[in-house]
*Asks:* 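First, the structure itself, so that you have it in front of you.
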Amino acid sequence: AMAECRVGITLCDLPVELVHRIAFKCAAGEVARLSATCRRLHRMLLGSAYGRDKTRALKGLAWCVDGGFERAARMALAEPGADPGGDDNDALRTAAMQGHAGIVRALLAHPAVDATVFFNEPLMSACTYDHADVVRALMDMSEVDVTAQENLAIRSACAHGSIDVARLLLACPEVDPAACGAEALEWAIRGGHLELVAELVADPRIDAAADGSAALSVAASVGECGIVTLLLECPGVDPSANNSQALQNACAGGHTHVVAALLEDGRSEAHADRNAALRRAAGLGHGRVVEMLLTVEGVDASDKHNDAL
């Protein structure tokens with residue numbers, strides 16, 4: 001007689017928890033191939049958020065961090081062989097740069113992670129890309145100094161227009177936004193970050209009129225009319241400083257809107273330094289600016305010292 005054919009128990013017949021314990025001992029690629037063998041296994045392995053994150057975790061911590069998969073990253077961190085401080089704390093540096101605050105906090109809780117790696121690179125990256133939540137997480141670490149490198153954090157945030165981070169840093173009494181000759185203000189002006197400039201000049205630690213109203217001269221030179229208008233309203237700012245340098249800069253750049261704003265303000269001396277504004281505008285071919293200046297009382301194109309022609 002034909003021997004009785006016995007059908008054994010297959011992997012699909014096991015409880016899902018047991019299937020997970022078996023399958024997730026394998027590499028991520030093997031789990032994917034196993035899940036492709038039948039629909040039931042696919043549902044058991046990848047049909048839940050847990051299963052998908054566990055499979056991602058098998059790809060390694062770096063992969064999870066780069067993709068921003070927080071739960072998967074935490075799973076990968078829990079693996080016995082995990083090395084979150086490896087490759088010069090690459091996981092933390094990547095998470096901070098990409099703004100994955102939850103992953104950053106998980107990494108900072110691990111004793112092998114150095115929050116100050118490469119002269120506070122994680123903090124500087126978060127400041128550059130305006131990741132305020134990441135900055136908060138790093139500021140909670142006692143070893144992180146937000147004033148390091150002559151307040152580079154606030155200067156970097158202002159240079160890149162990271163207003164949320166700038167506000168967070170300005171709220172810290174130890175941060176000095178006027179460091180390095182108020183470089184934070186200058187960089188914010190050069191970047192055209194009007195809202196951020198407004199925040200800075202409202203801070204009592206910043207003197208908008210410092211160094212002969214240098215901030216106004218910078219704003220005029222780069223043609224930022226909105227910032228020029230804002231600075232003209234700040235106490236102590238003098239557009240006539242240094243032979244009306246702001247007006248000269250605006251004329252040299254051909255920034256007609258800025259020239260108009262400065263002339264309308266009335267405090268600039270358009271004829272200062274032997275009609276320097278006119279000479280600079282004419283020499284650089286800014287005809288419209290020349291026309292505007294010639295309408296101002298005191299400007300003399302025929303002055304014997306004037307080489308405008």
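Heavy-atom basis, side chains included; hydrogens, waters and symmetry copies ignored.
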*Asks:* Give the other cluster members for Val117, using side-chain heavy-atom distances under 4.5 Å between Ile, Leu, Val, Met, Phe, Trp and Tyr residues; answer none if it is isolated.
*Replies:*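 Other cluster members: Phe118.
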*Asks:* Between Asn249 (side chain) and Ala246 (backbone), is there a donor-acceptor pair under 3.5 Å?
*Replies:*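 Answer holds: no.
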*Asks:* Could you tell me whether Glu297 atom CD has more than 12 heavy atoms of other residues or ligands within 6.0 Å of it?
*Replies:*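 Count not over threshold, so no.
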*Asks:* When rounded to the nearest 0.5 angstrom, what distance separates CG in Leu278 from CG in Leu293?
*Replies:*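 It is 6.0 Å, given to the nearest 0.5 Å.
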*Asks:* In this structure, are over 12 heavy atoms from other groups packed under 6.0 Å from Glu150 atom CD?
*Replies:*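 At most 12 heavy atoms, drawn from other residues, nucleotides or ligands, come within 6.0 Å of this atom.
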*Asks:* Please round to the nearest 0.5 Å and tell me the distance separating atom CG of Asp145 and atom CD of Glu174.
*Replies:*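 Separation between the atoms: 8.0 Å.
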*Asks:* Tell me the closest heavy-atom pair linking Ala166 and Ala157, and the distance in Å.
*Replies:*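 For Ala166 and Ala157, the tightest heavy-atom pair comes out as N-CB, 4.3 Å.
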*Asks:* Extract all donor-acceptor atom pairs below 3.5 Å that involve side chains of residues 217-232 and protein atoms in other chains or at least two apart in sequence.
*Replies:*
residue : atom : partner : partner atom : Å
Ser221  : OG   : Val218  : O            : 2.7
Thr229  : OG1  : Cys225  : O            : 3.0

*Asks:* Among Leu92, Leu77, Asp83, find the residue that satisfies the side-chain contact (heavy atoms from CB on, under 4.5 Å) test when tested with His110.
*Replies:*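 So, applying the side-chain contact (heavy atoms from CB on, under 4.5 Å) to His110 and each of Leu92, Leu77, Asp83, only Leu77 qualifies.
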*Asks:* Take atom NE2 of His257 as the centre, draw a 6.0 Å sphere, and report whether it contains more than 12 heavy atoms from other residues, nucleotides or ligands.
*Replies:*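 Not more than 12 within 6.0 Å, no.
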*Asks:* Looking at Ala115 and Asn120, what are the two nearest heavy atoms and their distance?
*Replies:*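 Nearest heavy atoms, Ala115 then Asn120: O-OD1, 4.3 Å.
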*Asks:* First locate atom CZ of Arg33, then atom CG of Leu41, and finally report the distance between them rounded to the nearest 0.5 Å.
*Replies:*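 Here the rounded value is 14.5 Å.
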*Asks:* Give a yes or no answer on whether the side chain of Asn89 reaches the backbone of Asp114 with a donor-acceptor pair at less than 3.5 Å.
*Replies:*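 Yes; judged by distance alone, with no hydrogens or angles, the pair exists.
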*Asks:* With sequence neighbours excluded, what pairs up with Arg52 under the side-chain hydrogen bond (donor to acceptor under 3.5 Å, both in side chains) test?
*Replies:*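 Counting only residues at least two positions away or on another chain, Arg52 forms no side-chain hydrogen bond (donor to acceptor under 3.5 Å, both in side chains).
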*Asks:* The criterion is salt bridge (Lys or Arg N to Asp or Glu O under 4.0 Å); which residues satisfy it with Asp203, sequence neighbours excluded?
*Replies:*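 Asp203 satisfies salt bridge (Lys or Arg N to Asp or Glu O under 4.0 Å) with Arg205 once adjacent residues are dropped.
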*Asks:* Could you check Leu152, Val165, Leu138 and say which one makes a side-chain contact (heavy atoms from CB on, under 4.5 Å) with Leu123?
*Replies:*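 Answer after filtering Leu152, Val165, Leu138: Leu138.
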*Asks:* Can you name the nearest heavy-atom pair linking Ala241 to Gly212, along with the distance?
*Replies:*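 It is CB-O, 3.5 Å.
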*Asks:* List the atom of Met75, the atom of Ala57, and the distance in Å for their closest heavy-atom pair.
*Replies:*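 Scanning both residues, the minimum pair turns out to be CB-CB, 3.7 Å.
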*Asks:* Once salt bridge (Lys or Arg N to Asp or Glu O under 4.0 Å) is applied, do any residues pair with Lys54, and if so which ones, sequence neighbours excluded?
*Replies:*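 Residues passing salt bridge (Lys or Arg N to Asp or Glu O under 4.0 Å) with Lys54: Glu79.
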*Asks:* Restricting to pairs with a member in residues 156-209, which pass ring-ring contact (aromatic ring centres under 6.0 Å, His included), not counting sequence neighbours?
*Replies:*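 For residues 156-209: none.
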*Asks:* Could you work out, with side-chain hydrogen bond (donor to acceptor under 3.5 Å, both in side chains) as the rule, every residue matching Arg39, not counting sequence neighbours?
*Replies:*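 Result, side-chain hydrogen bond (donor to acceptor under 3.5 Å, both in side chains) vs Arg39: none returned.
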*Asks:* What verdict does the salt bridge (charged side-chain N to carboxylate O under 4.0 Å, His left out) test give for Arg105 and Asp140, after you've listed the backbone C-alpha separation in whole Å, the side-chain angles of each residue and the deciding distance to 0.1 Å?
*Replies:* CA-CA 10 Å; Arg105 290 189 181 278; Asp140 287 341; 3.4 Å; yes
*Asks:* Can you sort out the partners of Glu195 under salt bridge (Lys or Arg N to Asp or Glu O under 4.0 Å), two or more places apart, ordered by chain and number?
*Replies:*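 Per chain and number, Glu195 pairs via salt bridge (Lys or Arg N to Asp or Glu O under 4.0 Å) with Arg167.
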*Asks:* Partners of Asp88 by salt bridge (Lys or Arg N to Asp or Glu O under 4.0 Å), sequence neighbours excluded?
*Replies:*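 Asp88 satisfies salt bridge (Lys or Arg N to Asp or Glu O under 4.0 Å) with no other residue.
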*Asks:* Are more than 12 heavy atoms from other residues, nucleotides or ligands located less than 6.0 Å from atom CG of Asp211?
*Replies:*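 No.
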*Asks:* Apply the test salt bridge (charged side-chain N to carboxylate O under 4.0 Å, His left out) to residues Arg21 and Glu17: give CA-CA distance (whole Å), side-chain angles for both, the deciding distance (0.1 Å), then the verdict.
*Replies:* CA-CA 6 Å; Arg21 291 178 66 89; Glu17 294 82 3; over 6 Å; no
*Asks:* With sequence neighbours excluded, what pairs up with Thr37 under the side-chain hydrogen bond (donor to acceptor under 3.5 Å, both in side chains) test?
*Replies:*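 Testing Thr37 for side-chain hydrogen bond (donor to acceptor under 3.5 Å, both in side chains), a comparison that skips the adjacent residues, returns none.
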*Asks:* How long is the straight-line distance from CG of Leu262 back to CG of Leu216, given to the nearest 0.5 Å?
*Replies:*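 It comes to 6.0 Å.
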*Asks:* Hey, does the side chain of Ser156 reach the backbone of Ala153 with a donor-acceptor pair shorter than 3.5 angstrom?
*Replies:*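 Side chain of Ser156 to backbone of Ala153: no pair is present.
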*Asks:* Which residues pass the side-chain hydrogen bond (donor to acceptor under 3.5 Å, both in side chains) test with Ser240, not counting sequence neighbours?
*Replies:*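 With neighbours one apart ignored, the set is Asp238.
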*Asks:* Decide whether Gln98 and Asp66 meet the rule of one side-chain donor and one side-chain acceptor closer than 3.5 Å.
*Replies:*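 Indeed, the side chains of Gln98 and Asp66 share at least one donor-acceptor pair under 3.5 Å.
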*Asks:* Does any pair with a residue in residues 52-95 pass ring-ring contact (aromatic ring centres under 6.0 Å, His included), and if so which ones, sequence neighbours excluded?
*Replies:*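 Passing the test, one end in residues 52-95: Trp63-Phe69.
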*Asks:* Specify the closest pair of heavy atoms between Gln248 and Ala277, including all atoms of both residues, with the distance to one decimal.
*Replies:*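 Heavy atoms of Gln248 and Ala277 come nearest at CG-N, 4.1 Å.
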*Asks:* Can you tell me if Thr94 uses its side chain to pair, donor with acceptor, with the backbone of Ala91 under 3.5 Å?
*Replies:*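 No, the answer is negative, given that no donor and acceptor are paired below the 3.5 Å cut-off.
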*Asks:* Counting only heavy atoms not in Glu143, do more than 12 sit closer than 6.0 Å to its CD atom?
*Replies:*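 Atom CD in Glu143 is packed in, count exceeds 12.
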*Asks:* Check whether Thr116 reaches the backbone of Phe119 with its side chain - one donor and one acceptor, N or O, closer than 3.5 Å.
*Replies:*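 Absent.
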*Asks:* Given 3.5 Å as the limit, does a donor-acceptor pair link the side chain of Ser244 with the main chain of Ala270, or not?
*Replies:*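 No; zero donor-acceptor contacts below 3.5 Å.
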*Asks:* Determine the interplanar angle of the His131 and Tyr129 rings, folded into 0 to 90°, and report it as parallel if under 30°, tilted if 30 to 60°, perpendicular if over 60°.
*Replies:*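 Taking Tyr129 first and then His131, their aromatic rings lie parallel (interplane angle under 30°).
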